[in-house]
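Read through the structure below, which is laid out as structure tokens, and then see the notes.
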Amino acid sequence: MELATKYDPTVVEDKWYKYWTDHRMFHSEPDNRPAYTIVIPPPNVTGVLHMGHMLNNTIQDVLIRRARMTGFNAVWVPGTDHASIATEAKVVNMLKEKGIDKKDLTRDEFLKYAWEWKEKHGGIILKQLRKLGASCDWDRTKFTMDADLSEAVIDIFVDLYNKGKIYRGVRMVNWDPKALTAVSDEEVVYKELQSKLYYVRYQIEGEPGEYITIATTRPETILGDTAICMHPDDERYAKYKGKRAIVPLVNRSIPLIYDEYVEREFGTGALKITPAHDINDYNLGIKHHLETINIFNDNGTLSESAQFLVGMDRFEARKAIIPLLEEAGSMVKIEDYVNKVGFSERTNEVIEPKLSLQWFCKMGELAKPALDAVMNNDIKFYPDKFKNTYAHWMENVKDWCISRQLWWGHRIPAFYLPNHEFVVAHNVDEAFNIAQQKYPELNLTKEDLKQDEDVMDTWFSSWLWPLSVFDGIRNPENPEIKYYYPTSALITAPDIIFFWVARMIMAGLEWRGTIPFKDVYFTGTVRDKLHRKMSKSLGNSPDPIMLMEKYGADGVRFGMLLSSPAGNDLLFDESLCEQGRNFSNKMWNAFRLVMGWDVDANGEQPIHTKVAVEWMNQRINEVLADAEEDFKRYRLSEALMALYKLVWDDFCSCFLEVVKPPYQKPMDGKTYNDILDIFEKLTKVLHPFMPFITEELWHALRERQEGESLMLCEMPKPENVNRELLDRFAVTRNVIEQIRRVRSEKNIANKNALKLHVHADAAMANAEMDAVIAKLANVELVEYVGEQGEVNGASFIEQNVKYSIPLEGLINAEEEIKKLQADLKYAEGFLQGVLKKLSNERFVNNAPQNVVDIERKKQADAEEKIRIIKEQLSKLQ
RNA sequence: GGGAGCUUAGCUCAGUUGGUUUAGAGCAUCUGCCUUACAAGCAGAGGGUCACUAGUUCGAAUCUAGUAGUUCCCACCA
């Protein structure tokens, strides 16, 4: 068979993904094995795959595949999130393009469009994940608005309400005037903006010519001012105590109040108070019993109560009010100023603090046990520095605004009665019964009950995810939740530690009494080479699908993982994928080499081959043991690097070169079989990282039955490592390297065989190792000439044994002397350092015995080495 | 304003409780090779006062304090 010199992943990857899914190999059912569970952080149903998903899901797949191969019943539950704000915004836009305004639709009509749109465009991302090789149990795919998951959300709302942990109240919330909904504190991002600070003067009532000047960044809110506040100890303003001021333009009389909240140094030390439009002003308003005037409509335009500029957008109004204030003689000056402004994470609209009636969830009691679970390491964070962040937030947790003024989501199960009371119930029937019992005098009919128009925050369903995907809320005794929960690991980004991670922990403890996962692995942010966050607007994010087409999914997985230790940002560079692709190609070519050999079943196994096979197996053992340790600590990049070197340096560059039969000669059957065993082992250990090419090779190496798969094989276990053999082989490789260096320096082509003199007693000879040297360095004769044997050529010292390569005529004595002198200088310097330590009495007395012994050994070795070099020098000079 | 982390080779990072040859890896670089698996390759080489300063110690990349730079989180003073 003729195989291409380059590995082509495209056909191979589709073939094996189909094979795996056709045989339902990702599917899991509870059985007697221990469970290993991961629930996917559900991406937005309307989302498309970006580099962050690639990293996150590659890690999950590696963990799941490894668990599957190490005796666990592994399940990876996929699914999507309904993402209220983002999805509703997309649907609204889609309708707008069709000429339909959301305002003209009923709730049901809108939801019909939304569902249609979700069915059509939703879940693309899950299809894209298949391309990556994600071994999700697709039969278990969930959506946060599936009937069963929705029911769980309602159950939880009712339960919390009945426990007194959900309440309704007027609060200052972060209003998104574009999405027309409140958003939680966590959904507000602050950015620094270049803006202006306006100084405006207010006349003191009854004192013509007397003014107080305030400084503000939002002059349009002057129209809603209901007080001016100064510091009680500020002497500049003491004389105005008890007086009132006149708001410019609207000519409203407002009180002057005094509160320590005011910074005397800022601006003029006088602060205008607009309780309806600033959280701090609101708090002062409550404290000082101030009037509240809301001058904005929900969409951010000025309302009738503003009296001026009615109907104008808030930013237009900010400009338009300047000339009005100037005309009125109230504008004192305008300065440049940098301040921070809150933006809605979803719509990038400037947040408007707004008073409104919202639903809140009390967090205090929920947070306490969830904080403990992380602090006492029931749940482990990787890296653990995030414990700090977590603790700080949990200790200062504020109540959670859970209502959103949207239609797409879980509707709040509160039903209002004609008497303005409400009942919370699972459905209208239950609500009706409760209401009838509570208010028999109302003679209610079901039609009198009006359900709350709002939906819940998306995270109010996400926080149940590990429970609800196994139906653990509605049906807590079902075998699935008992088997798969708590999940094993959560792989997520640190920016949703509060939104999601913290709340899942609360939910798990509240409704199941146990933590939802044991380990949390925080991935870093994917950035470009210039350390910039990857974003659509910068256009610096490569298209993952294109990348996979170019380098293969295995190549991209390799690239993502190789440079992303837990929690560290990933500076993504296509060259990493290139390295991954090259690695695939390397394995492919190793396979081509092995396939090309003729086998003589009766052939004798050469001694260098025998020892190489033993050594290679030991190396695999050693790396397996290290990898196990790396996995325990979630150091995936280190595990992968170790395997990369194992395959490339040990297997390809060394092992295969040793066992390679002479040109056009067959290989003995024993060796061939050993090689296949080793190759197969390597496909196993690499499979979690690079599932496609390893599956392809595993099938190609030996006959397989339909339905067999590498992904279902058992991972080789590290056995006892033969340290002695590994060390001996390492020395052998060093000797080979030295010979090759001599070749390189003397320009001796590899095809010209060399002789090697070992300046030691023949009794020290190791025929196997010498045969390996002979093979890899093209040495025709290894001769033990005794310690005093003549040197006539290039020499080197390895482990205090001198080696020389006879090279009549090719040796420049001066060069040799120079090199030896350099070696000597190094050895002497080294010895000096050691002697300095050993001559220090305090070191010898205080350091542990083994450390002192090591230093003595170093001394002896160095002295021996110096002796050999000097001897050699004396012969040359 | 408060807190946390980071700073080791050109780049990205390892370096476990201070001691295992005067610090390791991958990539990049340089040199020589189209050697019959692979030039997406082979062989070899160079490259670091471990940010700076002071301290603790027989001994510091590792511990302590300070300085500088950098990243992130929290708060949101108009």
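Labels below follow one simple rule: chain letters A, B, ... track the order of the sequence lines, proteins then strands, and each chain is numbered from 1.
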| field | Parallel, tilted or perpendicular, as decided by the 30° and 60° cut-offs, for the rings of Phe689(A) and Phe631(A) | value | tilted

| task | Just call it for Val262(A): base, sugar-phosphate, or nothing, with non-hydrogen atoms closer than 4.0 Å on any strand. | result | base

| query | What nucleotide among C73(B), A75(B), A37(B) has an atom nearest to a side-chain atom of Thr389(A)? | reply | C73(B)

| Residue Arg527(A), side-chain atoms from C-beta onward, closest of C76(B), A40(B), U71(B) | U71(B)

| Which part of the nucleic acid, if any, lies within contact of Cys229(A), taking any heavy atom under 4.0 Å across all strands shown: a base, the sugar-phosphate backbone alone, or nothing? | nothing

| Out of A14(B), G41(B), A37(B), which has the shortest distance to the side chain of Asn589(A)? | A37(B)

| task | Using modelled atom types only, decide if a donor and an acceptor are shared between the side chain of Asn589(A) and the backbone of Asn585(A) within a distance under 3.5 Å. | result | yes

| message | Let's test your reading of the model: under 3.5 Å, does the base of A45(B) pair with the side chain of Glu737(A) as donor and acceptor? | response | no

| field | Between Tyr190(A) and Phe343(A), ring centroids under 6.0 Å | value | no

| Short side-chain N/O contact from Tyr337(A) to OP1 or OP2 of A78(B), under 4.0 Å | yes

| said: Applying a 4.0 Å non-hydrogen cut-off, can you work out what Trp597(A) is touching in the nucleic acid: base, sugar-phosphate, or nothing? | reply: nothing

| message | Suppose we call a contact any N or O donor and acceptor under 3.5 Å apart; does that hold for the side chain of Lys586(A) and the base of C38(B)? | response | yes

| Whether Asp569(A) side chain and Thr525(A) backbone form a donor-acceptor pair below 3.5 Å | yes

| message | Between A43(B) and Arg740(A), counting only base atoms on the nucleotide and side-chain atoms on the residue, is there a donor-acceptor pair under 3.5 Å? | response | no

| said: Just to be sure I understand the rule, does Lys6(A) reach a base, reach only the sugar-phosphate, or reach nothing, if contact means heavy atoms closer than 4.0 Å? | reply: base

| field | Ser653(A) side-chain N/O to Asp650(A) backbone N/O, donor-acceptor pair under 3.5 Å | value | no

| said: If you take the centroid of each ring, where Trp contributes its six-membered ring, are Phe386(A) and Tyr390(A) closer together than 6.0 Å? | reply: no

| Once you round it to whole Å, what is the distance between C1' of A14(B) and CG of Asp630(A)? | 10 Å

| said: If you only use heavy atoms from C-beta on, which nucleotide in A14(B), U22(B), A78(B) is closest to the side chain of Phe830(A)? | reply: U22(B)

| said: Is the base of U22(B) stacked against the aromatic ring of Tyr826(A), taking ring centres under 5.5 Å apart and planes under 30° as the test? | reply: yes

| message | Strictly distance-based, threshold 3.5 Å: is any side-chain N or O of Thr268(A) a donor or acceptor partner for the main-chain N or O of Ala270(A)? | response | yes

| request: With C1' as the reference atom in both, quote the distance from U29(B) to G69(B) in angstrom, rounded to an integer. | output: 28 Å

| Picking from C42(B), C27(B), A4(B), which would you name as closest to the side chain of Asn388(A)? | A4(B)

| task | Please determine, for the side chain of Asn568(A), which listed nucleotide (A40(B), C13(B), G26(B)) has the closest atom? | result | C13(B)

Could you go over nucleotides 57-62 of chain B and give all protein N or O partners under 3.5 Å, atom names and distances?
residue, atom, partner, partner atom, Å
C58(B), O2', Asn840(A), ND2, 2.7

| task | Taking the six-membered ring for Trp and the single ring otherwise, decide whether the centroids of Phe583(A) and Tyr644(A) are under 6.0 Å apart. | result | yes

| said: Please report whether the ring centroid of Phe591(A) lies less than 6.0 Å from that of Tyr7(A). | reply: no

| task | Determine the contact category for Phe558(A): base if any of its heavy atoms lies under 4.0 Å from a base atom, sugar-phosphate if only primed atoms, P, OP1 or OP2 are that close, otherwise nothing. | result | nothing

| said: Quick one: does any side-chain atom of Asn846(A) pair with a main-chain N or O of Arg842(A) as donor and acceptor, under 3.5 Å? | reply: yes

| query | What is the nucleic acid contact for Lys660(A), judged by heavy atoms within less than 4.0 Å: base, sugar-phosphate only, or nothing? | reply | base

| task | Quick one: the dot-bracket string of RNA chain B, using Watson-Crick and G-U wobble pairs with both distances under 3.5 Å, [ ] for crossing pairs and | for bases paired to another strand. | result | (((((((..((((.....[....)))).(((((.......))))).....(((((..]....))))))))))))....

| said: The side chain of Thr217(A) is closest to which nucleotide in this list: G5(B), A37(B), A78(B)? | reply: A78(B)

| field | Separation of the C1' atoms in A23(B) and A61(B), to the nearest angstrom | value | 8 Å

